[in-house]
Amino acid sequence: MIKQDSPRKEYNLTIYTENNVGLLSRICLIFTRRQINVESLNASPSEVEGIHRFNILIYETVQGMSKLARHLEKLTEVLKVYYHTNENVIWQELAMYKVATNVIEEHVDVERLLRRYGARTVAIRKEYTVFEVSGQRGETDELTSVLQPYGLIEFVRSARLAIIKDSEGFNRKLREFDGIV
Amino acid sequence: MEIPDTKTNEKEDTRNVRKISGALAVIEALVAEEADVIFGLPGGANLAIYDALFDYEQQLKHILVRHEQGGIHAAQGYARTSGKVGVVFATSGPGATNLLTGIADAMIDSTPVVCITGQVFAHLLGSDAFQETDIVNMSMPVTKWNYQITNAEEIPSVLAKAFYIARSGRPGPVLIDITKNAQLQEFDYRGYEKCHHIRSYRPRPIVREQYIQQAADLINTAKKPLIVWGQGVILGGAENEFKTFLEKSGIPGAWTLLGAGAIPSDHALNVGMLGMHGNYAPNVLTNECDLLIAIGMRFDDRVTGRLDRYAKQAKVIHLDIDPAEIDKNVKATVPVWGDCKETLPLLTSLIDKREHKEWLRQFHALYKEEFETVIYPELNPVSGEVTMGEVIRILNECTKGDAVIVSDVGQNQMTASRYAKLNHTRSKVTSGGLGTMGFALPAAIGAKYGAPERTVVVIAGDGGFQMNIQELGTIMQNSLDVKIIILNNRFLGMVRQWQELFNDRRYSFSDMENPDFVAVAAAYGISGRCVSERSELDGAIKDMFNNKGPYLLEVMVGKENNVFPMVPQGAGISEIRLR
Ligand SMILES: Cc1ncc(C[n+]2csc(CCOP(=O)(O)OP(=O)(O)O)c2C)c(N)n1
């Protein structure tokens, strides 16, 4: 193996694929085989109809990333793989919190806290209230820890979604692949 | 873009539409792809396909194997000698899982094979039905592509994709799993259209001219350049382009196990085999060259030895069709992405005609040393037990280098690869990347169908031969003219060699008591003979070739002979040992 001479960094992978059964398995097999831990993974439609977009967050070295990207592009149903460090993407994660409703009623500071973090109420029931915050890892983590003492009932965070700053989208590239451009 | 005239299309469509079963569509696809030989074995889940096949005796030859592993290795052997896509049929469950070793082998050795497996009815998927296995998921990491068909309508287009993916770019195995209902289903068949493009799949990277120029500049200024070539030259059908490049550049070239034969063994610029049991000169001088030109090879660890002691002093030009190979193991100074059939002529046109006499002399000097200490005594022993090398020497005298040599794995493989004389490309078939014992016998069956005019010789050890010994039945049933040489050392020889060299001769479970191989062959109606005396060897090999039809020759060779030179595992290649 080539010496892993650069440090591991957070990388945002963007994978454009056909929308086929089993593609997630194929992609995950490559991570498993290369012993890469997936920090978060999101599959969604993309800006192009019929084309799927995976957003995957991993820790890797620069050299590791270029090998990984080429390995992923070997999959016959993968159209294109991009990878970016955090500076080169706009990224967000969505977090949801479930807290007992009476806690919020009794503690004014909790309500203040939620407002400070830009939380949006999704559901209010007699027993519990659900909030949603979208932001970056640090912010949602912070809110989790401040809510913890008040009895956080449930917490869940989505995979990271990332938009590439320096990208014109996939439409043009796809026309190239179709052999039209 | 041309706009199709929908009206006439509609008319044509109805005229050309036929109601056929999915099973028949499979057979029609194989006819259209000119898959003239299929290897396989029927079972409950592919019965419908076999039933459809029954009426196609004229167009498709089917060879019934004795085990599905034999089937896929035969398909691989066929692909390797013919350059076409090998096809294998297997039923669901155990039939499909029996293919896996061969699929993995084809994947790592870039062999184009299409596997068609039967599967239980779609409504039974996931229910642990009889002979249901999830072969699609199981084979995912060892196929270039795979797919499960549950609806007959998909059969023509999916099989067209399968053949296209298997053969294009860097070839590889594709598995198509077809549920029983899809095989039985009648649907409107509109004919078969070959696939030439899949938008998400780009088998040929775009050639970048600036890299060609940079590569040519490096070649034109190099003082001690060395070419290392692999199977890519053969897979790309670029033997002639390679030869022209080699001869114009005047650069010595060495080959990987699977690159053997792309240039004849006795070509003046062919300086031998690379790697663990390769020749002394190319291994030692890899660490002395100033420029390494890698063509269609992937720097396997058996070729490079310890990477941090591999060609550190050299600049590297890497020609490969698979972008993932560039910088994977060895950093390329200049990456030349592309099909070498395309890139080599571009490069040839930019390089100067040169000779490297002084540098070649260094190869010759080291060859002389290897010849005296290793090669001559191995090929021409005067006393003691028979050596594997002398068998190959006599074989060369008989074949003149024109035969297809199919070797198994172990000492027999290394000896055959080192010494077999090859005049033609696609003449050396062996399991390289996976090192699958048991590969040779079934692969030879396929090799013979892939090159029916050629002499096919199996070289196997007593261990590996027994791993697919049942395929003697396939040879018998088809009276297939395959010559089999078992080099019997009564050991798992290569394992024993490692135990001798690295484990203080602690021969832990590597010695073997064997059956009477000649009697086994006789039971299959195959003639044979066993020899242990040097004096009989020459005559025995000649007799084998004079005998019409299949023949098994068992040669009792020295029990504890070793294959040298050897690069010990974990050592740098220039630490290669001559003894
Ligand atoms: C299927 C498989 N199992 C185990 C091995 C490990 N292995 C490599 S070489 C070898 C010995 C082969 O012995 P034999 O076939 O008698 O050939 P020889 O080395 O004696 O020529 C073994 C067991 C292998 N390569 N393949």
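Below, chain A is the first sequence line, B the second, and so on; all start at residue 1.
Residue A/Glu18 touches chain B through its side chain alone, counting heavy-atom pairs closer than 4.5 Å. Interface residue A/Ile51: only side-chain heavy atoms are found under 4.5 Å from chain B. Using a 4.5 Å cut-off between heavy atoms, B/Arg306 makes no contact with chain A at all.
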>> As a quick check of understanding, evaluate side-chain hydrogen bond (donor to acceptor under 3.5 Å, both in side chains) for B/Tyr201 and A/Glu77, giving each step before the final call.
In response: CA-CA 7 Å; B/Tyr201 168 63; A/Glu77 288 143 332; over 6 Å; no

>> For A/Glu73 and A/Arg70: C-alpha separation, side-chain torsions, deciding distance, then whether salt bridge (charged side-chain N to carboxylate O under 4.0 Å, His left out) applies.
In response: CA-CA 5 Å; A/Glu73 281 189 347; A/Arg70 285 181 195 169; over 6 Å; no

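Along residues 311-324 of chain B, the residues that come nearer than 4.5 angstrom to chain A, judged on non-hydrogen atoms, are B/Asp322, B/Pro323, B/Ala324 in order of number. Annotation: residues 137-152 of chain B contacts chain A through B/Asn137, B/Met140, B/Pro141, B/Lys144, B/Trp145, B/Asn146 [non-hydrogen atoms, separation under 4.5 Å]. At a heavy-atom separation below 4.5 angstrom, chain A is approached by no residue within residues 103-125 of chain B.
B/Gly230 and B/Thr256 get closest at one heavy-atom pair: CA-OG1, 3.4 Å. The shortest non-hydrogen separation linking B/Glu342 to B/Val207 is OE2-CG2, 3.4 Å. In terms of heavy-atom proximity, A/Cys28 sits nearest to A/Leu41 at SG-CD1, 4.3 Å.
For A/Thr85 and A/Asn88, the side-chain atoms include at least one donor-acceptor pair closer than 3.5 Å.
With A/Arg26 as the fixed residue, the side-chain contact (heavy atoms from CB on, under 4.5 Å) test singles out one of A/Asn20, A/Leu72, A/Leu75, A/Val78: A/Leu75.
In this structure, A/Gln136 contributes its side chain and A/Trp91 its backbone to a donor-acceptor pair below 3.5 Å. Between the side chain of B/Asn329 and the backbone N or O of B/Arg298 there is at least one donor-acceptor pair closer than 3.5 Å. A donor-acceptor pair is defined here as one N or O able to donate and one able to accept, closer than 3.5 Å; no such pair exists between the side chain of A/Glu106 and the backbone of A/Val103.
Checked against the 6.0 Å centroid threshold, A/Tyr16 and A/His52 do not count as a close aromatic pair.
Remark: A/Arg53 fails to qualify as a cation-pi partner of A/Phe170 under the 6.0 Å distance and 45° angle criteria applied to the six-membered ring.
Partners of A/Phe155 according to the ring-ring contact (aromatic ring centres under 6.0 Å, His included) rule, which considers only residues two or more places apart in sequence or in another chain, are A/Tyr97.
Put simply, the side chain of B/Phe299 does not reach to within 4.5 Å of the side chain of B/Glu325, judged on heavy atoms.
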